[in-house]
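All remarks here apply to the structure that follows.
All of these numbers come straight from a predicted model, not from anything done at the bench. To find a chain, count down the sequence lines: A is the first, B the second, and so on, and within it residues start at 1.
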There are 2 protein chains.
Amino acid sequence: MAVDRDQVLRSAAALLTRRATATMDEVARAAGLSRATLHRHFAGRDALVRALESLGIAECEAALDAARLDDGPAADAVRRLVREIEPAAGLLAFLYTENQLFEGEEQNEGWARIDARMAAVFRRGQENGEFRIDLTPAWLTEALYGLLGACAWAVTEGRVARNDFTHMIVELLLGGALRRE
Amino acid sequence: MAVDRDQVLRSAAALLTRRATATMDEVARAAGLSRATLHRHFAGRDALVRALESLGIAECEAALDAARLDDGPAADAVRRLVREIEPAAGLLAFLYTENQLFEGEEQNEGWARIDARMAAVFRRGQENGEFRIDLTPAWLTEALYGLLGACAWAVTEGRVARNDFTHMIVELLLGGALRRE
DNA sequence: CCCGTGTGAGACAACTTTGTCTCACACGGG
DNA sequence: CCCGTGTGAGACAAAGTTGTCTCACACGGG
């Protein structure tokens with residue numbers, strides 16, 4: 001009967017993303033357990049958010065590893081990254097918007113490392129001539145976060161098919177909306 | 001000594017965007033007034049959020065009007081839209097993430113109308129051959145929201161220069177990151 | 001079969017936030 | 001000058017939330 005910690009965190013992220021003021025009781029209900037049990041696993045709201053953040057950081061790092069960003073064309077690396085990070089998109093959407101974190105040095109360091117790795121692949125693409133140079137790596141990184149969150153939300157809202165997730169993000173991020181002949 | 005209602009709403013949006021659980025007292029302090037006065041203008045937290053939403057809808061509609069989305073190439077229309085909507089980007093970033101709104105028929109209708117107008121310009125671009133057809137108008141609309149929020153945040157964080165706001169969004173949305181020869 | 005582990009339900013006090021009210025005061029127009 | 005309007009500060013009760021505890025119970029392994 002052990003609670004699936006990750007599954008609890010995921011449903012908490014899904015709820016908190018669209019209603020950040022949700023009660024611990026609401027979070028518990030959404031995860032299908034009682035407030036008492038939720039409290040046994042996470043000492044309080046802060047602890048829950050920190051756990052969400054730790055999970056998000058860990059999943060991002062894992063996705064970055066799995067995407068092998070240094071291999072082959074940067075465009076392919078970005079495509080692999082988006083595909084790998086898709087399962088964590090909902091979590092990311094929450095963490096990206098909930099920047100109350102400004103505390104916690106360890107966490108901040110984690111995000112800085114992730115940002116740096118993402119920016120690095122864009123920079124590599126610029127240096128080898130794949131990517132245009134007027135869009136800065138920092139902006140492309142932020143834009144990727146924004147698109148991941150937007151697409152995750154669009155999928156849950158039914159405005160984008162789940163199977164199109166990677167395609168929609170990568171094609172827009174790399175190719176843009178303009179038609180090429 | 002009358003309080004500048006719009007300015008209060010803007011600073012409230014700025015605070016709530018990154019810390020949605022902020023207290024009415026914190027919101028008041030951030031806006032530079034006392035909780036008592038804040039309460040005189042907005043009956044409560046709900047009223048404040050609804051006012052934020054009304055302002056956001058109004059500014060979006062105004063930007064849509066000013067952008068003349070039906071005139072000339074769709075790409076130029078999108079560029080005008082982003083330029084017009086820039087001042088409201090912070091507000092939008094908050095409203096886009098805080099989807100606790102699911103109540104309120106009038107508001108919902110407002111967003112639906114805005115969504116439809118945005119999607120229409122993308123559809124027009126597809127129909128006249130400017131835009132590629134594998135990215136749906138609904139997704140391009142969501143992506144625009146996401147990019148607006150991401151860029152507004154990146155600007156306040158200092159990762160993107162304020163003057164580059166329109167350029168960064170439009171160039172990425174329309175042209176993508178890939179270099180063209 | 002029994003017992004240990006983990007859970008749900010509910011009670012409870014402590015704390016926080018909210019909404020309201022009162023009072024004093026600063027400002028600006030008449 | 002005086003008075004009305006709008007504000008800040010603070011007090012206060014009401015409501016909501018949190019953290020803790022207790023008890024009963026379901027389940028599964030030994």
Would you tell me if any nitrogen or oxygen in the side chain of A:S34 comes within less than 4.0 Å of OP1 or OP2 on C:dG8? yes
Mark yes or no for whether A:E86, through its side chain, and A:A152, through its backbone, hold a donor-acceptor pair below 3.5 Å. no
When rounded to whole Å, the CD to P distance for the pair B:E26 and C:dT17 reads 7 Å
Could you pull out all residues at least two apart from B:E26 that satisfy salt bridge (Lys or Arg N to Asp or Glu O under 4.0 Å)? B:R19
When the distance from CG of B:D25 to C1' of D:dA11 is rounded to whole Å, what number comes out? 14 Å
Could you list the protein-to-nucleotides 19-23 of chain D atom pairs, N/O on both sides, closer than 3.5 Å?
residue, atom, partner, partner atom, Å
D:dG19, OP2, A:H39, NE2, 3.2
D:dG19, N7, A:R35, NH1, 2.9
D:dG19, O6, A:R35, NH2, 2.9

I want to verify a distance call: between D:dT18, C:dA9, D:dT7, whose nearest atom is closest to the B:H41 side chain? D:dT7
B:F42 CZ to C:dT18 P, straight-line distance once rounded to whole Å: 15 Å
How would DNA chain D look in dot-bracket form, 5' to 3', counting Watson-Crick and G-U wobble pairs with both distances under 3.5 Å and writing | for bases paired to another strand? ||||||||||||||||||||||||||||||
Quick one: is A:R29 getting a side-chain N or O under 4.0 Å of the C:dA9 phosphate, OP1 or OP2? yes
Contacts of type side-chain hydrogen bond (donor to acceptor under 3.5 Å, both in side chains), residue B:R159, not counting sequence neighbours: A:E142
Can you list everything that forms a salt bridge (Lys or Arg N to Asp or Glu O under 4.0 Å) with A:E59? Sequence neighbours excluded, please. A:R10
Tell me every residue that passes side-chain hydrogen bond (donor to acceptor under 3.5 Å, both in side chains) with A:Q7, counting only those two or more places apart in sequence or in another chain. none
What residues form a side-chain hydrogen bond (donor to acceptor under 3.5 Å, both in side chains) with A:R162, not counting sequence neighbours? none
Show me the donor-acceptor pairs within less than 3.5 Å that the side chains of residues 66-76 of chain B make with the rest of the protein, sequence neighbours left out.
residue, atom, partner, partner atom, Å
B:R68, NE, B:D71, OD2, 3.3

With sequence neighbours left out, the residues meeting side-chain hydrogen bond (donor to acceptor under 3.5 Å, both in side chains) with A:S34 are A:T37
Without decimals, in angstroms, what is the distance between B:D4 CG and D:dG6 P? 15 Å
